[in-house]
Number of protein chains: 2
Amino acid sequence: MLRPRGLPKPVRRKSAADIEPAVGETRPNGVTHSERLRIEIADQILNGELLPGTPLDETTLAERYGVSRTPVREALRDLAAAGLAVHRPHRGAVVAAVTDVRLQEMFDVMADLEGLCAGYAAENITPAERQDLTLLHATAKELVRKGDLEGYTQANDAFHTFIYAASHNAFLVETAMSVRRRVAPFRRAQFRTLGRLAISHQEHDRVVQAILRGDREAATREMRAHLSSVHHAFQIFSEGR
Amino acid sequence: MLRPRGLPKPVRRKSAADIEPAVGETRPNGVTHSERLRIEIADQILNGELLPGTPLDETTLAERYGVSRTPVREALRDLAAAGLAVHRPHRGAVVAAVTDVRLQEMFDVMADLEGLCAGYAAENITPAERQDLTLLHATAKELVRKGDLEGYTQANDAFHTFIYAASHNAFLVETAMSVRRRVAPFRRAQFRTLGRLAISHQEHDRVVQAILRGDREAATREMRAHLSSVHHAFQIFSEGR
DNA sequence: TTCGCACGCGATGCATACAATGTTTGGGGC
DNA sequence: GCCCCAAACATTGTATGCATCGCGTGCGAA
């Protein structure tokens, strides 16, 4: 064996790339190579380090991460299943690219799914969650005031994730998260438009108010409006670059 | 097929064109083992031949299908990604089991997704599709009259699939199909309740009428009501067995 | 020039061997 | 008899070599 077990792994970012939530899974140690690779490559795709169309060569990746091709193949297969890559027999995998039409479709579905989450949340949110949501929302307001773009981006993610969870429908959460991961690279860009933070927070506010007063219809409507706005902001950014 | 003259190279950098593997493209020659296995095992799960909780032993499956463990592993990984199996590190895969709560959640999401499809369809259906839908619906009516359970089951599948397609949102179609595959084993059982065929067709009729008159709200509502009814029928069957 | 085809190279699919982990089981102590 | 621990066993994870496929390349014919 030429290579030591503890290999130098390249720059571990925040790993928000959990592909399968796996309900009560508690395995702190003994993570397999294929899983680690899946998370790392997924993060790189989501962070924009691996651009759409980039070929994901098994051999190259195997060398880069110091493992054999086998775990790489399994990771790539998972990424393809999650929609982050496209895999074709005997032709390898590439980072998934999306056409304008498809992006539009994904945003539409995303808006409806998040609308559903918000609607469910309006009906199922618990008292404890109401407090947490209020707090989360107030914290975000502070970030807007300070113009903390990085902080607000994270708070925004947390906000949406929280509302998924408040729907109290685990399957819906998984479905929404799955779609969201695929739209994430495009969603992120919205905040580059100046003043978008404040608008985003205002829209969040309408969603929060609707949920807190248990108004399902309004929660759904406001969340969909918000997502529509996010899409619009992305388009503006997209055209102007 | 003309190619522009004077250009030095066509530059076949497949960036966005061939993302989706073109659904109907079946090539009997050159299908990989892992894909064949994935399809066969998936069918067995969906047909109820492999019951939830059944362990999917790599070695056993490899021997049964006369291949090595490698393609079996890849097939199992795909099945896990599709939600048909559950995979846990160092512990193997088992056919996915669903609790009552989870099934409820899946039916809820399914109902909302199909409602969305119907709503989109009401807005986007083409004249040609209107004719086809009408024909499909009339054919099903005949099957109900004859009490052809097998035939109606297929027509029912075709009906729902058709409405997905009529939404003209490919991403929504994929999302809905993905969820549907996971609920399929339970959906199928509904027609064992006597008289369910006629009721199902009546509900379809309301959906069809709403779509044909372009009433998005009604189409969504009626489709959700239909799915709710399907779920109820399954519960009745489920309790009585 | 342009098209067609055969050949060769590189990458992926698969098989097999080895390593690591989870589970089971059997023996000893309480 | 019951519990605990450890070692053997069974099963999965990983590495490596060979087989197979796709695609580019270059030669030859129309």
Side-chain angles (χ1 to χ4, degrees), chain A residues 1-7 9 22 24-41 54-81 85-95, chain B residues 1-15 17-18 21-22 25 27-41 54-81 85-95:
Chain A
M1 190 60 57
L2 300 171
R3 181 183 39 74
R5 254 292 173 255
L7 46 92
K9 58 179 185 180
E25 190 73 10
T26 52
R27 274 172 38 84
N29 53 358
V31 174
T32 61
H33 286 169
S34 59
E35 184 165 349
R36 184 173 61 82
L37 288 176
R38 188 204 66 203
I39 294 172
E40 296 213 10
I41 298 173
T54 306
L56 297 168
D57 182 60
E58 293 179 4
T59 310
T60 306
L61 289 171
E63 287 175 2
R64 175 174 308 165
Y65 289 99
V67 298
S68 78
R69 279 176 47 224
T70 308
V72 174
R73 283 176 63 79
E74 306 202 333
L76 291 182
R77 199 163 270 269
D78 286 348
L79 292 174
V86 178
H87 177 94
R88 294 169 73 181
H90 295 285
R91 284 199 250 175
V94 298
V95 178
Chain B
M1 177 76 81
L2 294 175
R3 209 170 45 181
R5 298 151 66 98
L7 291 175
K9 257 190 160 185
V11 193
R12 300 191 66 255
R13 200 84 194 99
K14 35 180 164 293
S15 55
D18 5 283
E25 188 177 3
R27 287 184 309 172
N29 187 18
V31 174
T32 62
H33 287 174
S34 59
E35 184 164 351
R36 184 174 59 86
L37 289 176
R38 178 180 59 84
I39 294 173
E40 293 208 15
I41 299 174
T54 307
L56 297 168
D57 181 60
E58 293 179 5
T59 311
T60 305
L61 288 171
E63 288 176 1
R64 175 174 308 166
Y65 289 98
V67 297
S68 78
R69 279 176 48 222
T70 307
V72 173
R73 284 176 63 78
E74 306 200 332
L76 292 182
R77 200 163 269 269
D78 286 348
L79 291 173
V86 178
H87 178 94
R88 290 161 73 184
H90 296 285
R91 284 195 240 175
V94 297
V95 178

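So you know, we letter chains A, B, ... as the sequences are listed, proteins then strands, and number each from 1.
Between B/Leu76 atom CG and D/dT11 atom C1' the separation is 13 Å, expressed in whole Å. One atom, NE2 of A/His87, and another, P of D/dC21, lie 15 Å apart when rounded to the nearest Å. When rounded to the nearest whole Å, the span between CZ of B/Arg88 and C1' of D/dG13 equals 17 Å. Atom P of nucleotide D/dT12 and atom CD of B/Glu74 are separated by 15 Å, given to the nearest angstrom. Following rounding to the nearest Å, B/Leu37 (CG) and C/dC14 (C1') show an atom-to-atom distance of 11 Å. Taking atom CZ on B/Arg73 and atom P on D/dT11, their separation rounds to 14 Å, with Å as the unit. Atom CD of B/Glu35 is separated from atom C1' of D/dC21 by 15 Å (rounded to the nearest Å). The distance between atom CG of B/Leu61 and atom C1' of D/dT12, rounded to the nearest whole Å, is 13 Å.
Every residue meeting the side-chain hydrogen bond (donor to acceptor under 3.5 Å, both in side chains) condition with B/Thr60, not counting sequence neighbours, appears here in chain and number order: B/Asp57. Shown here are the side-chain hydrogen bond (donor to acceptor under 3.5 Å, both in side chains) partners of B/Arg38, two or more places apart in sequence or in another chain: there are none. Residues meeting the salt bridge (Lys or Arg N to Asp or Glu O under 4.0 Å) test with B/Arg36, sequence neighbours left out: B/Glu40. Considering only residues two or more places apart in sequence or on other chains, A/Ala81 meets the side-chain contact (heavy atoms from CB on, under 4.5 Å) condition with B/Ala81. Not counting sequence neighbours, the partners of B/Arg77 by the salt bridge (Lys or Arg N to Asp or Glu O under 4.0 Å) test are A/Glu74, A/Asp78. Applying the side-chain contact (heavy atoms from CB on, under 4.5 Å) test to A/Ala80 and every residue at least two apart in sequence or in another chain returns A/His87.
The two atoms that bring A/Pro71 and A/Ser34 nearest to each other are O-CB, 3.7 Å, heavy atoms only. Nearest heavy atoms, B/Leu56 versus B/Ala85: CD1-CB, 4.0 Å. Taking both residues in full, the closest heavy atoms of A/Glu35 and B/Pro89 are given as OE1-CG, 4.1 Å, listed atom of the first, atom of the second, then distance.
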Interface polar pairs with nucleotides 15-17 of chain C, N/O, under 3.5 angstrom:
unit_1	atom_1	unit_2	atom_2	d
C/dA15	OP2	B/Ser68	N	2.6
C/dA15	OP2	B/Ser68	OG	2.6
C/dA15	O5'	B/Ser68	OG	3.4
C/dA15	N7	B/Thr70	OG1	2.9
C/dT16	O4	B/Thr70	OG1	3.4

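The rotation axes computed at either terminus of the helix from C/dT1-D/dA30 to C/dC30-D/dG1 lie 10° apart, taking five pairs at each end and rounding to 10 degrees.
When A/Val67, A/Leu76, A/Leu79, A/Thr32 are each tested for a side chain to side chain contact (heavy atoms under 4.5 Å, CB included) with A/Leu37, only one passes: A/Val67.
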Completion exercise
Per-nucleotide protein contact along nucleotides 5-11 of chain C, 5' to 3', at a 4.0 Å heavy-atom cut-off (B base, S sugar-phosphate only, - neither), is ------S
